[in-house]
Every structure is written in structure tokens, then in C-alpha cells.
2 protein chains.
Amino acid sequence: MALLASGKTRPVRLADIAKAAGVSHGTASNVFARPEIVREEVRERVKAAAEAMGYGGPDPKGRLLRAGKVNAIGVATAEPLSYFFDDPFARVMMASISQACDATGAGISLVSAANNEQLAWNIQSALVDGFIVFCVDGGSKLVELARERKLPFVALDLDSDDDEAVAAIGVDNIAGAGLAARHLTELGHRRFAVLALPVADSGFGPTTQEQVEKALYSGTRDRLRGYFAELSRFDIDVSRVPIYETVNDEESVWAGLDHIFAGAETPTAILAMSDRIALHALDWLRQRDIAVPGDVSIVGFDGVPEGAVSKPPLTTIVQPIAEMGRLAVKAILENDGSFSRQSLPVDLLVRASSGPSPA
Amino acid sequence: MALLASGKTRPVRLADIAKAAGVSHGTASNVFARPEIVREEVRERVKAAAEAMGYGGPDPKGRLLRAGKVNAIGVATAEPLSYFFDDPFARVMMASISQACDATGAGISLVSAANNEQLAWNIQSALVDGFIVFCVDGGSKLVELARERKLPFVALDLDSDDDEAVAAIGVDNIAGAGLAARHLTELGHRRFAVLALPVADSGFGPTTQEQVEKALYSGTRDRLRGYFAELSRFDIDVSRVPIYETVNDEESVWAGLDHIFAGAETPTAILAMSDRIALHALDWLRQRDIAVPGDVSIVGFDGVPEGAVSKPPLTTIVQPIAEMGRLAVKAILENDGSFSRQSLPVDLLVRASSGPSPA
DNA sequence: CACTTTCGTTGGATCGGTTCAAATTTTGAC
DNA sequence: GTCAAAATTTGAACCGATCCAACGAAAGTG
């Protein structure tokens, strides 16, 4: 019974068993850390004492202080913890981070919090050797917090506003978005709509280019710039392209489509700033029997695996997610100060959600 | 530049800034931990000193030792770390564990390792207040390791062999499997095949009831017992039902189906011990134009979300995964010793992968 | 038997904080 | 101006280990 949950009392320390076994604490420590250097007779005696007193081995809390290294990397986000398991992009990223960590024997600590106050505290008190910061949302706040810890850290996102001094790995959002826009214009599309990622913490709803230019989140801003720069080159009046800010979930995406398709002049092409948005959009369109790509084409952004099996499979801008994760872990573990910012290439992957304009 | 990666030298401790600010370390500590009790003038002076010396706040390593609680729970598995993000069952479980942790402000540490030696060390040195142990594979070894830490822990699995003393949360595998088997027999099926979860660490291939009875993993054994008990009640000769041991991945499942369908008397009903197995099986059957449920019916086990959107949607035994996660976290955090073992109910969820026997 | 190695053990210093009883200073009341 | 009460600050003790210089005993050498 006592085994179940060894109650509230576990005051048994290394020193206790040392005393019980009649040896110094130094020797007792050696029994666990370097058994080979202590005489067998003594070793057995100490182990027996440990066993008898229900000692669970040297407490890592103590060791840690002296050793210095935790041997774990923290992955932080401003979203709730379940984001790591719910979001397709995060999942792929985490899978590759995991692999890199496994390869080096490092552990992973998930750092997040329900509210901002908690978040700050959790970052300040995370037992890690460094941070990888997911910047999807509330990025700069997080980066600031992480930097205050004065530990090595890498932001997963290339915020063009950020100090050059913050290490970051990301993709060229402007170029990627440009690729998506060009693909659709080349297919003859002229009437566009944009389903945007969050612009600020303010919820969702229709927004404007001006709003987005002031966006808190540079990823959102850069992708829009990329879209519009390319559309402009094809003489499309971007001031008339509706932009709807979503929060990357079903509800806001559907609301966005309701709004966009309520107008007189409905788009034939949708630029979605994430695959998740695009996939939710696909569901909405299917429910209304709007053919994709017959009536409407749509291009996502990210390149998550779900896009390969959607109906229809999603044309998208693929980020080298796995590579990003690998580099991030490497940057933390081999923190030699040489690392700063790295921009990885993106690719247009044409699948079946985009086709010639119906007009 | 020095900001990027503050080099190898960070010998600035609380004591250093205390000296610099001309206060005792006790006061310096208070500035960070309970700012309100120190006079404003002093507080500012200490903060200024900290800023000037590049102090990143009290190191949690130090605090930890005194505080005792880490405020994080460890989730352990014998699989590689990426299992948490790749496996559908694990993902749902982790999502619910995350939610429970978020609600209480606890963090999550993922504990795993590439090899067994590493695993033992990682468990011994994990900085956590307790463990949730995924017992899918190598369960008993893990449970043993976790128990040696003498920390509260819960096994996610009701191994009937385990000591009554190990706290565990699981489902009644026998009853669940029975539900699956009865559903199919009631639809008129008489020719069955079983795609099993791992029986031992030995890889995959055809196996027998006798082998499974000796299985290392009780989940596998109990599910088979459940299937066969029910089939026997319908006068089906279970000794002729082929059993193929998979490792829960595409390759082994496909090999299993190759093997099973190579025989003269092909089954009309497949009992899959996990949804993941069932979903891979669905792919195999589709590729061979074997109609589901026209030619072959299949029932999975777990109730993962992917089963709802497969082609066709999967009939399965649903486990209350979210509830299990919640209870596990609760058991760790409110470790009052009252908890021991808990068996949760499973349900048959009939979707479109099962139908009347073709005969 | 004295003298150097080798082996195993000891105990103090240290890691970086938090805590709390006691000491000190400030404030308020008369 | 005096004294008690309130507000701050101090410094020692402690959290649980690891590390290492020094030491004692046993073994080896001449």
C-alpha cells in the first residue's frame, strides 16, 4: 500500500543512507555515480541501506545544481499546450524536433500557459538549456521573455522587425506568398480573396491592407505583402481584394467565407495563409457544393501532411518544416554563438485544389 | 552581438548583483521573489544592478532545490520521442493531458530515449513531480523504472499482471474486444482474421493463440482473449482464425494482409487491435479493390479522430482517451495516495467499415 | 623494517537560490 | 524627546547532491 504513493514524507536523502550505512556522504554518492571506484563490500552495504530506507536514487534536483546542464530543451508557445498536438504545422515541427533531440539524447519540455502572467513565470522557471520559440502568435512577447532568460534560444520565424540579434530560423514569407499568387494569376484568376492569419490579438473579422501593415505578427504582414506585390504585377487592383482575418480555426474561417461569398462579386481564387485555414475552407466549400477547383481555386501555406489527403489535395507553399526543426535543435545544442538567422527556401507544390479560372 | 549567445561565461549569480547593489543576498532574493516587501529605492537599485550585469533573473536550478516541486509532469514512453506527435492515439491522449496540465499550470516533460540504457538514465534524472507512463510497448520495464524513482506515477494501461500496487488507468480490453467480435458475428460473419498489436519485442509475423497467451504485453493478450471468448460463444473455431502480429505500422500491417489473403479461405471480417492498424488495412484493401464493408468488414480499437474521416469511416471500439488523460494528470497532481487502479468503459461505435457478411 | 605506491574513504567547499528569526531602521503617538 | 509598533534588512541555515584535495590503510619494493 505504501508503494502506491509514498505518502507525503520522503525526507530520505543521500546523507541519510550514508549515515545508516556508516560511510561518508562522499562515498555514498560514489556508490550511485561511480560504483566501480568503491569497494564491493561497502557498495553492497550502501545499496542495502538505500533499499531498506526506500531511497529512490540521487535526486536529480540536487545533481542539477552542481552539474549545470539540464539536458533538455524547452519549446515555448503562447498557445495552450495542446497546440503542440492539435495543430498540424506544430505536429510536424515537433516531430522533427523530437527526432533531433532523440539523436542527441536531449529531452523536451513543453512550455506554455493559459494566461500571460503564467507564461512569463513558466518561461522564467523552465528547467531547460535553451528555448525554441514558436512565433505563430504573440511572438515578440515570447521572444522578449525568452531573451530575458539569457539562455540560448531560436525563434521559429523570421520576423523582419526583430532585432537582428535574435537568432531565428524561418522562410521567406514574401517570396512564398508571391509564388502562390503568381500560380493563381497564371491560371487566369482575377478575382481574389485572402484568408489571413491573425493580425493582432483582437479576434477575427474583415480587415484591410492598412491594418495588416501595422500587424503585430510579421508573418501575416509579409505574406500579405507577398500576395499583393505579385497580384499588382498582374495589374490586379489589390485595394479591392477582400482580406479576412481568421484565428486559424474552423469558426473564423467559415465566418470569413460567409462574409466573402456574401458579396456580389465572389472570388474565383482564395489565398489562404495556412494549410489549416485552407483545409477548413475546403470543408466549407464542399458543404456548399462549390467545386474546387472548378468554381474556386485555393492555395494554402505550410505544406502539412493533411494537405496531401484532403478532398481535393491541396495546392500549397511548402515550408521545409523538418529541416527547420533540425536546425533549431542544432542551434540550441551546439550553441557556439555562431548562429544567427537563417532563411530557408519554400516551394510551390501544385496539387488539385487549384486550376484554371472558370471565367 | 554578445546578446546572440551569451558565450560560455555566465557566472553572474544573485549574490553578485547583491554585492554590486550593496545589499544582502536575502534582500536581493526578495527583489525578485516578493518585490512588494522591499523598499522601492532599494528595489530599483538592485534591478538596475541586475540589468547592468546582464542577470537573467533567479536561476530556477537554484530555486528548485529549496522549493521541492518542479511543477511539471513527465510523460514517459519506450518509443522514440516523436511517437508523441506521430501516433494518433498518443496525440489524442497528449492533447487531453495537455489540457489538464494547462488548467493547473503544470508543465510537461517528454521522457524517452533511443536506447534502453538512455531510457533508464533519462527516467532517473527527469526533473518532474511524477510520471505518466505510456505502456504501449515495453510497459513493464518502464513501470519498473518509474517506480524506482519513488515518485507518484500512473500507468496508462491496465496490465492484469501488474502488481495491484501500481496505479493505473485503462480500459477493459477483454470486454472491448468482445464487443467488436460480437458486432461482427451478429452481422453474420464466420470467417475471421486478427491483426494483432505487438506480442513481444520480436518483430512481426504470423502468430498463434498460444504465443499471445504468453505475450509480454497484456493489452494484446487481453484483446485476443476478448475476441476469442466471444467468437467461441458463436461456435466459431478460433483455432482456425489466423492471427498476425504487427508492429502497428503500415509495413507490418500490409505484410499481415498479404499473408492472410494468400490463403484459400479468405476472411470476411477483420479484427484490428488498433485503429492505426485498421486504417492501414483500409488502405491495403482499397488498393486491391476489395470492398469495405461489401467484401470485408473491419473493426478497429481506440476511437481516434482519424477513424471518423477514413474511407470508409471506421467502426471501432472507442476508449475514453480524453477522460483517461484527465484522470492521469489528476492522479499525479493530487497524489493523495487514495488512487490505485481505474477501469474505464469502452463503447462500440458503428460506422461504415462493418456490414453484413457477403455470404 | 622503513618507504613509496596504490586504493578507498573522508569531509569540506560548492552549485544558486529561499527562508526565517533576529537585528536594525523608520514611523507614529503622546 | 521618548518609546512602542511597524517596516525593512540582514545573515545564517538549508535544499540534495557532486567534486576534490587530503588522508589512512594496505600492498609492493629494496
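Chain letters run A, B, ... following the sequence lines, proteins first, then strands; residues in each count from 1.
Under 4.0 angstrom from either OP1 or OP2 of C:dT18 there lies at least one side-chain N or O belonging to B:Ser29. Distances shorter than 4.0 Å separate some side-chain N or O of B:Arg34 from OP1 or OP2 on C:dT19. Note on B:Thr27: every side-chain N or O is 4.0 Å or more away from OP1 and OP2 of D:dT9. Proximity of B:Tyr55 to the phosphate of C:dG16: no side-chain N or O atom is located under 4.0 Å from OP1 or OP2.
Here C:dC7 presents its C1' atom at 14 Å from CZ of A:Arg43, a figure rounded to the nearest Å. Between the CG atom of B:Leu127 and the P atom of C:dG17 there is a distance of 16 Å, given to the nearest Å. Computed from coordinates, the B:Met53 CE to C:dG16 P distance equals 13 Å when rounded to whole Å. To the nearest angstrom, C1' of C:dT26 lies 17 Å from CD of B:Glu40. Atom P of nucleotide C:dC15 and atom CG of B:Leu14 are separated by 13 Å, given to the nearest angstrom. Between the CG atom of B:Asp59 and the P atom of C:dT14 there is a distance of 18 Å, rounded to whole Å. Between the CG atom of B:Asn30 and the C1' atom of D:dT9 there is a distance of 9 Å, rounded to whole Å. What separates CG of B:Leu65 from P of C:dG17 is a distance of 12 Å, to the nearest Å.
Comparing B:Arg63 and B:His25 by the nucleotide of DNA chain D that holds the closest heavy atom to each, the one mapping nearer the 5' end is B:His25. A residue-by-residue look at A:Ala15 and B:Val42 shows that B:Val42 has its nearest nucleotide of DNA chain D further toward the 5' end.
Note that the two end axes of the helix from C:dC1-D:dG30 to C:dC30-D:dG1 enclose an angle of 40°, each drawn from 5 base pairs, rounded to 10 degrees.
A pairwise comparison of heavy atoms in A:Met53 and A:Asp16 identifies CE-CB, 4.0 Å as the closest pair. Here the shortest heavy-atom pairing between A:Val154 and A:Ala331 reads CG2-CB, 3.6 Å. What you find for B:Ile108 and B:Cys101 is that their closest heavy atoms are CG1-SG, 3.8 Å.
Ion pairing of A:Arg45 with A:Glu41 is present here, as a side-chain N (NZ or NE/NH1/NH2) and a carboxylate O approach within less than 4.0 Å. Comment: B:Arg326 engages B:Glu323 in a salt bridge, judged by a side-chain N to carboxylate O separation of less than 4.0 angstrom.
Taking the six-membered ring where the residue is Trp, B:Phe134 and B:Phe89 present perpendicular rings, their angle passing 60° and hence far from 30°.
Taking 3.5 Å as the limit, the base of C:dT19 and the side chain of B:Arg66 contain no donor-acceptor pair of atoms between them.
Remark: the B:Tyr83 side chain and the A:Asp102 side chain contain no N/O donor-acceptor pair separated by less than 3.5 Å.
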